[in-house]
> 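Below you'll find the structure I mean.
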Amino acid sequence: MESIFITSLRTFISFGVLLLLTRILGKKQLNHVTVFTYITGIALGNIAGDMVVHKDIKITDGIIGLTLWSLLTLIIEYISLKSVNVRTILDGEPSIIIKQGKINVDAMRSNKLNMDDLMMLMRLKDVFSIKEVEYAILEPNGQLSILKKEEYESVIKKDVHISTKRRPYLPSELIVDGKIIKKNLKELNINEDWLLEELKMKGHPHLSKIFYAELQPDGSIHVD
């Protein structure tokens with residue numbers, strides 16, 4: 001029982017510390033934007049895992065290791081913000097894989113990319129033929145950005161001269177699980193009384209029975 005208690009305690013502590021440090025490192029770390037952030041995420045996970053599994057590692061030593069690694073990551077990220085050269089070393093540079101409709105074989109070779117890999121990355125962007133592509137750029141995070149040839153681009157309202165107007169609102173949650181999201185009301189400058197009145201007009205007088213309500217771009221409310 002004592003062993004189970006100690007393991008549980010170490011798990012909770014390592015989980016809490018890892019969660020806190022990940023939040024401090026920011027959203028870029030969460031999304032694994034670059035190879036550097038990807039490796040950092042793996043390293044932090046390994047250190048936290050070792051704190052739980054290996055009883056010979058003191059909890060304080062594990063916390064110090066996690067904290068120092070996170071601190072070094074923050075320092076490197078700050079330096080990369082200030083220096084283009086450091087940013088290039090850490091993050092790498094985009095590579096043009098297809099240029100003016102022609103495949104750049106040298107770029108593919110230098111990035112260890114074969115045609116199967118390229119076609120897979122293209123299909124993930126809903127492009128199934130090389131002939132549709134004007135430019136394809138392999139980003140530092142391994143994703144492929146594609147600029148289609150003009151004849152294969154989707155038609156937008158501007159192309160056919162359809163008049164448009166700016167949306168007054170961004171679709172936002174107003175009610176979730178019967179509770180009003182007051183933070184969103186404040187950001188949208190919406191009065192709570194107005195919201196309740198609108199819900200009554202839609203036949204939803206009881207707030208507790210509303211699972212989800214969302215503000216639409218035109219200012220109307222969608223209720224589920």
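All values reported here derive from a predicted model rather than from experimental measurement. The chain is numbered in sequence order, starting from 1.
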> Side chains of E198 and M201, heavy atoms from C-beta outward: is any pair under 4.5 Å?
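Touching, per the 4.5 Å side-chain cut-off.
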> Can you tell me how far apart CG (L174) and CG (L215) are? Round to the nearest 0.5 Å.
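Between atom CG of L174 and atom CG of L215 there are 5.0 Å.
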> Kindly determine whether F211 and D177 satisfy side-chain contact (heavy atoms from CB on, under 4.5 Å), including the steps that lead there.
CA-CA 5 Å; F211 176 70; D177 290 333; 3.0 Å; yes
> Applying the 4.5 Å side-chain criterion to the ILVMFWY set and letting contacts propagate, would V176 and L195 be lumped into a single cluster?
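No, V176 does not connect to L195 through the hydrophobic network.
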> Is it true that S95 and N111 share a donor-acceptor pair across their side chains at a distance under 3.5 Å?
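Per modelled atom types, N111 and S95 side chains form a pair under 3.5 Å.
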> Roughly how far, to the nearest 0.5 Å, is OH of Y135 from NZ of K99?
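Interatomic distance, K99 NZ to Y135 OH, rounded to 0.5 Å: 6.0 Å.
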> Heavy atoms, side chains only, cut-off 4.5 Å: are E132 and V127 in contact?
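In short, these two side chains touch, coming nearer than 4.5 Å.
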> Tell me, which pairs form a side-chain hydrogen bond (donor to acceptor under 3.5 Å, both in side chains) where one or both residues lie in residues 214-224, sequence neighbours left out?
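Those involving residues 214-224 are Y212-E214, E214-Q216, D218-S220.
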> Measuring from L196:CG to W194:CH2, what's the distance to the nearest 0.5 Å?
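Reported to 0.5 Å precision, the distance equals 10.5 Å.
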> Could you report the tightest heavy-atom contact between A213 and I221, atom names first, then the distance?
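That would be CB-CG2, 4.3 Å.
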> If you take all heavy atoms of E139 and S145, which pair is closest and at what distance?
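Taking E139 first and S145 second, the nearest heavy atoms are OE2-OG, 2.7 Å.
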> Hey, what do you get for CG (D193) to CG (N191), rounding to the nearest 0.5 Å?
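The distance works out to 4.5 Å.
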> Give the minimum heavy-atom separation between M115 and I130, together with the two atoms involved.
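Where M115 meets I130 most closely, the heavy atoms are CE-CD1, 4.4 Å.
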> Inspect the surroundings of NZ in K149 and state if more than 12 heavy atoms from other residues, nucleotides or ligands are less than 6.0 Å away.
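Enclosed: over 12 neighbouring heavy atoms sit under 6.0 Å from NZ of K149.
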> Quick one: pull up CD1 in I75 and CG in L68 and give me the separation to the nearest 0.5 Å.
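Between I75 CD1 and L68 CG, I get 9.5 Å after rounding to 0.5 Å.
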> Which pair of non-hydrogen atoms, one from A48 and one from L66, has the smallest distance, and what is that distance?
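What the structure gives for the nearest pair is N-CD2, 4.1 Å.
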> Carefully, step by step, assess I63 and K58 under the rule side-chain contact (heavy atoms from CB on, under 4.5 Å).
CA-CA 9 Å; I63 293 174; K58 295 180 180 178; over 6 Å; no
> Is there side-chain contact between I190 and N184, with at least one heavy-atom pair below 4.5 Å?
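SC-SC contact between I190 and N184 ruled out.
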> Do the side chains of I175 and L207 get nearer than 4.5 Å, heavy atoms only?
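Contact flag for L207/I175 side chains = yes.
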> Linking I/L/V/M/F/W/Y whenever any side-chain heavy atoms sit under 4.5 Å apart, do L113 and V133 land together?
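Yes, because L113 and V133 connect within a single hydrophobic cluster, where side-chain heavy atoms sit under 4.5 Å apart.
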> Any donor and acceptor pair, going by atom type alone, linking the side chain of K209 with main-chain N or O of H204 inside 3.5 Å?
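Pair absent, no side-chain N/O of K209 close to backbone of H204.
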> Among the clusters formed by ILVMFWY side chains lying less than 4.5 Å apart, do M108 and L144 turn up in the same one?
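Result: yes, single cluster for both.
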> Would you indicate whether E150, at its atom CD, is surrounded by more than 12 heavy atoms from other residues, nucleotides or ligands within a distance under 6.0 Å?
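Not buried by this count: 12 neighbours or fewer within 6.0 Å.
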> Considering all heavy atoms of both residues, which atom of V223 and which atom of I210 are nearest to each other, and what is their separation?
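V223 and I210 have their closest heavy atoms at CG1-CG2, 3.8 Å.
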> What heavy-atom pair brings P171 and P217 nearest, and what distance separates the two atoms?
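In terms of heavy atoms, the two residues are closest at CG-CG, 3.7 Å.
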> Going from CD on E93 to CD1 on I137, what distance comes out if it is rounded to the nearest 0.5 angstrom?
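These two atoms lie 12.0 Å from each other.
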> Evaluate the side-chain contact (heavy atoms from CB on, under 4.5 Å) criterion for residues L121 and I146: first the C-alpha distance (whole Å), next the side-chain angles of each, then the deciding distance (0.1 Å), finally the verdict.
CA-CA 10 Å; L121 292 171; I146 292 177; over 6 Å; no
> Please identify each residue that fulfils side chain to side chain donor-acceptor pair (under 3.5 Å) with N46, with sequence neighbours left out.
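Expected list: none.
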> Test side-chain contact (heavy atoms from CB on, under 4.5 Å) on E134 and K148 and set out the steps.
CA-CA 5 Å; E134 185 74 26; K148 290 184 179 181; over 6 Å; no
> Name all residues meeting the side chain to side chain contact (heavy atoms under 4.5 Å, CB included) criterion together with K186; count only those two or more places apart in sequence or in a different chain, and write none if there are none.
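Applying side chain to side chain contact (heavy atoms under 4.5 Å, CB included) to K186 gives none.
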> Under a single-linkage definition using a 4.5 Å side-chain heavy-atom cutoff for Ile, Leu, Val, Met, Phe, Trp and Tyr, are L199 and Y169 assigned to the same hydrophobic cluster?
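Shared cluster, yes.
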> Following the transitive rule for hydrophobic clusters with a side-chain heavy-atom cut-off under 4.5 Å over Ile, Leu, Val, Met, Phe, Trp and Tyr, establish whether I181 and L185 coincide in one cluster.
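Different clusters.
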